Amino acid sequence: MNEQTAKGNWNEMKGKLKQKYAELTDDDLTYAEGKEDEMWGKIQKKVGKTREEIDREFS
């Protein structure tokens, strides 16, 4: 997957997360290369679900 495709996929996922979980902010969903675990930690803490649970909801 190239960088452009990855960014497009993340933008789509980010939009879906914001629709489903209104408590998430743009700061929570900011993707920074090398800091994916930190970002997912923030998301998991706010929504009270694991990354796997969130992935299943959107697949």
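Just so it is clear, the structure is predicted and the values come from calculations on it, not from any experiment.
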Is there a donor-acceptor pair under 3.5 Å between the side chain of E12 and the backbone N or O of N9?
no
Determine, for E57 against K16, whether the closest basic-nitrogen to carboxylate-oxygen distance falls under 4.0 angstrom.
no
Would you compute the distance between atom CH2 of W40 and atom CG of D28 and round it to the nearest 0.5 angstrom?
11.5 Å
Report yes if the side chains of E23 and V47 come closer than 4.5 Å at any heavy-atom pair, otherwise no.
yes
What's the shortest heavy-atom distance between K46 and L24, and which atoms?
CB-CD2, 3.9 Å
Are the side chains of D55 and M13 in touch, meaning some heavy atoms are under 4.5 Å apart?
yes
Can you name the nearest heavy-atom pair linking W10 to L17, along with the distance?
CH2-CD1, 4.1 Å
If you look at every heavy atom in Q44 and T50, which pair is closest and at what distance?
OE1-CA, 3.8 Å
On the 0 to 90° scale, with breaks at 30° and 60°, tag the Y21-F58 ring pair as parallel, tilted or perpendicular.
perpendicular
Going by heavy atoms in the side chains, are M39 and T30 under 4.5 Å from each other?
no
Hey, does K18 have a side-chain heavy atom less than 4.5 Å from the side chain of D26?
yes
Kindly write out the residues that satisfy side-chain hydrogen bond (donor to acceptor under 3.5 Å, both in side chains) with K35, not counting sequence neighbours, or none if the list is empty.
none
Lys/Arg N to Asp/Glu carboxylate O, E52 vs R56, below 4.0 Å
no
